[in-house]
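Working notes for the structure below.
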There are 2 protein chains.
Amino acid sequence: MELPFPQSRGAAAVTTATNPRILEHPEREDIRLEPVLHALSDAVRLRIVRDMARGEGAEFSCSHFALPVTKSTSTHHFRVLRESGVIRQLYRGTTKLNTLRRDDLDALFPGLLDAVLTAAEAQTERLGD
Amino acid sequence: MELPFPQSRGAAAVTTATNPRILEHPEREDIRLEPVLHALSDAVRLRIVRDMARGEGAEFSCSHFALPVTKSTSTHHFRVLRESGVIRQLYRGTTKLNTLRRDDLDALFPGLLDAVLTAAEAQTERLGD
DNA sequence: GCCGTACTACGATGAGTATCGTACGACCGT
DNA sequence: ACGGTCGTACGATACTCATCGTAGTACGGC
């Protein structure tokens with residue numbers, strides 16, 4: 001049987017429209033500050049970003065993060081992060097790899113990500129969180 | 001007739017509970033990152049904060065800001081900013097004066113406010129907003 | 001005492017969102 | 001081909017929120 005969405009069959013110009021396993025991301029120039037701040041204003045998502053930042057450029061599967069929510073909810077949060085431009089996601093086989101878009105964020109909003117990460121760490125220090 | 005909430009009658013220990021014209025603010029140590037980011041993630045509120053930052057410590061009445069929303073909505077946004085700890089508000093007669101809590105924010109989250117403001121300016125440059 | 005100004009309180013509304021459970025799809029082993 | 005793992009889709013739910021309009025309160029000035 002032929003698969004409807006062959007991931008490695010070399011089809012030309014594969015996009016989300018033709019293949020749902022290719023995930024849509026905003027281009028760097030389309031990333032906006034407000035959605036980024038909104039994405040970071042949720043405790044679960046902030047934690048994901050912090051964990052990812054600690055791994056400096058590494059790729060993490062969604063299930064790598066031990067989150068206090070179900071898988072459906074987790075999917076939701078990762079989508080918010082991706083659509084706002086904070087992270088990049090791509091499928092590798094059955095797992096989805098996540099990376100921080102640090103280069104894009106730093107280029108657009110210099111110092112912002114670091115300030116947020118530092119603030120988050122400081123708050124954890126301060127309040128135990 | 002006696003006023004129920006005399007603002008300048010020197011009553012001792014006047015709080016929000018006794019006088020609604022005394023506005024409640026979070027103490028510096030109670031300010032949390034997530035609500036601050038959430039407060040800043042709205043376009044109208046971000047604009048208020050930017051305008052206020054330009055005035056370096058000055059006090060602005062609510063009506064000073066020409067916002068694209070009604071007065072009720074404006075009240076709502078100022079309250080979100082105050083309750084998250086981003087601004088300080090106090091009554092002076094019939095008007096309400098607003099100031100950025102820059103000292104508190106800088107102490108808790110060094111570089112964050114500046115990064116957000118810079119990012120907002122850059123985005124306006126970039127997209128015309 | 002009366003009026004105008006500044007802001008609030010309250011209720012409504014429509015949109016968004018954080019959460020879950022269940023059912024399903026894609027992929028990799030074997 | 002089969003089963004397991006990883007993640008999605010969809011529907012439901014309850015909550016939050018941005019917005020408005022109307023009615024009202026506090027204060028300053030006349």
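Basis for what follows: all heavy atoms, side chains included, without hydrogens, waters or symmetry-related copies.
Note on B:E121 versus B:R54: salt bridge recorded, some NZ/NE/NH1/NH2 to OD/OE distance being below 4.0 Å.
When the C1' atom of D:dA18 is taken as reference, atom CG of B:L67 falls 13 Å away, rounded to whole Å. Distance CG (B:L90) to P (C:dC7): 12 Å, rounded to an integer number of Å. Here D:dC17 presents its P atom at 13 Å from CG of B:L81, a figure rounded to the nearest Å. Between A:D42 atom CG and D:dT16 atom C1' the separation is 12 Å, expressed in whole Å. Across the protein-nucleic acid pair, B:L97 atom CG and D:dC27 atom P stand 14 Å apart, rounded to whole Å. Put simply, CZ on A:R45 is 12 Å from C1' on C:dG16, counting in whole angstrom units. One interatomic measurement links the two molecules: CD of A:E83 to P of C:dG16, which rounds to 13 Å at whole-angstrom precision. The distance between atom CG of B:L46 and atom C1' of D:dA18, rounded to the nearest whole Å, is 16 Å.
Taking the centre of each ring, B:F60 and B:F78 stay at or above the 6.0 Å mark.
With A:Q89 as the partner, the side chain to side chain donor-acceptor pair (under 3.5 Å) test is satisfied by one option alone out of A:E59, A:R82, A:E24: A:R82.
Map A:T73 and B:N98 each onto its nearest nucleotide of DNA chain C; the residue landing nearer the 5' end is B:N98.
Counted by atom type alone, B:R50 and B:T124 present one or more donor-acceptor pairs between their side chains at under 3.5 Å. Remark: the B:T73 side chain and the B:T70 side chain contain an N/O donor-acceptor pair separated by less than 3.5 Å.
Listed candidates were D:dA18, C:dA18, C:dC7. Nearest to the side chain of B:K71 is C:dC7. The B:T94 side chain lies nearest to D:dG28 when the options are D:dG28, D:dT19, C:dT19. Comparing C:dA18, C:dT5, C:dC20 by their nearest atom to the side chain of A:H76 picks out C:dA18. Residue A:S72 has its side chain nearest to C:dG21 when only D:dC20, C:dT19, C:dG21 are considered. Between C:dA9, C:dC7, D:dA18, one nucleotide has an atom nearer to the side chain of B:S61 than all others, and that is C:dC7. Among D:dA26, D:dC20, D:dG7, the nucleotide with an atom closest to any side-chain atom of A:C62 is D:dG7. Considering only side-chain atoms of B:T95, the nucleotide from D:dG7, C:dA6, C:dT17 that sits closest is C:dA6. Comparing D:dA18, D:dG7, C:dG21 by their nearest atom to the side chain of B:H38 picks out D:dA18.
The backbone N or O of B:E29 lies less than 3.5 Å from a partner atom in the side chain of A:R126, making a donor-acceptor pair.
Contacts of B:H64 with the nucleic acid, taken as non-hydrogen atoms under 4.0 Å apart, are absent. A:S63 comes within 4.0 angstrom of sugar-phosphate atoms only, judged by non-hydrogen atoms across all strands, and of no base.
Taking only distance into account, the side chain of A:T75 never meets the base of D:dG7 through a donor-acceptor pair shorter than 3.5 Å.
In terms of phosphate contacts, A:H77 brings a side-chain nitrogen or oxygen within less than 4.0 Å of OP1 or OP2 of C:dT19. Checking the phosphate oxygens (OP1, OP2) of D:dA9, a side-chain nitrogen or oxygen of A:R79 falls inside 4.0 Å.
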